[in-house]
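All values below come from the heavy atoms of this structure, side chains included, with hydrogens, waters and symmetry mates left out.
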There are 2 protein chains.
Amino acid sequence: MEVKLPTFNSVFSIDCVIFGFEAGELKILLIERNEEPYKDWLALPGYIVEQDESIDNAAERILYELTGLRDLHMQQFHTFGEVNRHPQGRVITVAYYALIRINGQKELKPITQYAKSAFWHPVNELPKLAFDHTEIFQTGFNKLRRRLNYQPIAFELLPEKFTLTQLQSLYEAVLNKKLDKRNFRKKMLSYGFLKELDEKQKGVSYRAAKLYKFDRRKYTKIFQNELNLDS
Amino acid sequence: MEVKLPTFNSVFSIDCVIFGFEAGELKILLIERNEEPYKDWLALPGYIVEQDESIDNAAERILYELTGLRDLHMQQFHTFGEVNRHPQGRVITVAYYALIRINGQKELKPITQYAKSAFWHPVNELPKLAFDHTEIFQTGFNKLRRRLNYQPIAFELLPEKFTLTQLQSLYEAVLNKKLDKRNFRKKMLSYGFLKELDEKQKGVSYRAAKLYKFDRRKYTKIFQNELNLDS
DNA sequence: TCAAAAGTGTTACTGATACACCCATGG
DNA sequence: CCATGGGTGTATCAGTAACACTTTTGA
């Protein structure tokens, strides 16, 4: 049975590429669509921008409605405007990305009916996604990789207290290559924005590692100047 | 007399930040508007995207129609989506930028009636621009500065044959700081993508400098790997 | 006592910076 | 012959890369 779909003219939408890190793997947030077109497909969380909200606000609202997640710091990274990227009409989409600690407590739960579910999926072996979302994801992933070189974004993905090995394995997951342990530690510690805690890892069956915290105050003090060129 | 303006709903537009270099100064391309709102104001070349063209194509078309310039390699850099950025309705604009040799031969001449004129203006002492175009320009300028560090964009702005001093003064104009002559030359030549010509500068009243060409073939060979992370 | 990961220093290389004088040319 | 920019080398410093063994801990 063929479903007849409405058509429409110019519409803006937002799509979100949200990265998380869990069990040594980099993941992104996907939803299962509950609406035509691409009903039942997996997709990036995304929806249409309202008349009276800025795109930045729209991005936060849409992510919340589709996944229950709030108050992340999202940043736009690219706008996709091919003519036929949406089967029902002309939709230009602004893609945003953000990083977040994956936290077992926080339930992922769509507020609207547009998504059946929301869940984390490893960035490797991604399935086919709806629309041009695979391309959007790839572009976002490249941006993330680039930005890792000049911004301490890794700390958004880790728990508040973390070991240097966890930090390193996150870098390795994003950059997709092995790093030298001694050089990595030397370099990270030399920046001076890691605070060593009086605490150690617990519940591991080997020598427990020291825990560290990211000291955002020190970071902004050290890198004040470079922040201007950020956007 | 108050002019009554039509209102409209969602519209996409494109705005272009086009950089050129002339007489040791970095310049951008402005138009004088011939349409309400902001009639007679100076603005970035920009207009509305049609239903059936991709945003990349729209950018090329719009720039051509407003200035007569064609075939530049434009790249989007940011999308501006505040609710009230346009007085007549909701307009989200995708900003593009490009670099071009300023060439006395090539006349700047609007094809449509929307612009009265198009001309180069130094990036320093920019006047007030229509809409949020001052902000758009600033964001584009920051991007340019950033990109100069990892891409040979300077060569798009210079004549085909140029001296090392010209190249240096372009870098100085973009980065807005003085560079050391010896170090600059050493570094540029060490990359290996400058081809020394058998020719010298003419018509100067001091020792004539050697002319160089940018060797794009060598460049892409050397930096193949990094190009992937480009966008 | 074993398995598993934590933790630790030195050397070599590469790239960036700082710095000042003589040279060639046209007027 | 002078004013103007062209052209050149060296020493120091900072950051990166390569590389392997001992220590701690829980099971």
Rounded to whole Å, please give me the gap between [atom1] in [X] and [atom2] in [N].
| X | N | atom1 | atom2 | result |
| --- | --- | --- | --- | --- |
| A:L189 | C:dG9 | CG | P | 12 Å |
| B:K181 | C:dC23 | NZ | C1' | 11 Å |
| B:R182 | D:dT10 | CZ | P | 11 Å |
| B:Y212 | D:dG6 | OH | P | 12 Å |
| B:D180 | D:dG9 | CG | C1' | 12 Å |
| A:L179 | D:dC19 | CG | C1' | 15 Å |
| A:F184 | C:dA6 | CZ | C1' | 15 Å |

Against the six-membered ring of A:F162, is A:R101 placed for a cation-pi contact (under 6.0 Å from the centre, within 45° of the normal)?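 Judged by the rule, A:R101 and A:F162 form no cation-pi pair.
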
Considering only NZ, NE, NH1 and NH2 on the basic side and carboxylate oxygens on the acidic side, decide whether A:E172 and A:K177 come within less than 4.0 Å.
no

Determine, using ring centers only, whether [Y] and [X] are less than 6.0 Å apart.
| X | Y | answer |
| --- | --- | --- |
| B:F77 | B:Y96 | no |
| B:F184 | B:Y171 | yes |
| A:F141 | A:Y97 | no |

- Query: Hey, is the side chain of A:T165 poking within less than 4.0 Å of OP1 or OP2 on C:dA5, counting only N and O atoms?
  - Reply: no

Test salt bridge (charged side-chain N to carboxylate O under 4.0 Å, His left out) applied to B:R70 and B:E65, step by step: CA-CA 9 Å; B:R70 260 209 264 223; B:E65 289 181 359; over 6 Å; no

- Query: If you draw a 6.0 Å radius around NZ in B:K116, do more than 12 non-hydrogen atoms from other residues or ligands fall strictly inside?
  - Reply: yes

Practice item. Mind running ring pair (Phe, Tyr, Trp, His ring centres under 6.0 Å) on B:F12 and A:F12 for me, showing each step along the way? Key: CA-CA 8 Å; B:F12 322 123; A:F12 321 124; 5.1 Å; yes

For nucleotides 12-17 of chain C, list the nitrogen or oxygen atoms of the protein found under 3.5 Å from its nitrogen or oxygen atoms, one pair per line.
unit_1	atom_1	unit_2	atom_2	d
C:dT17	O4	B:K186	NZ	3.3

Item to check | Strand contacts (DNA chain D) in residues 196-211 of chain A, 4.0 angstrom heavy-atom criterion | outcome: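 When residues 196-211 of chain A is checked for heavy atoms under 4.0 Å from DNA chain D, the hits, listed by number, are A:V204, A:S205, A:Y206, A:R207.
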
Q) Which pairs count as salt bridge (charged side-chain N to carboxylate O under 4.0 Å, His left out) when at least one residue sits in residues 179-193 of chain A, sequence neighbours excluded? A)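 Not a single pair qualifies under salt bridge (charged side-chain N to carboxylate O under 4.0 Å, His left out).
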
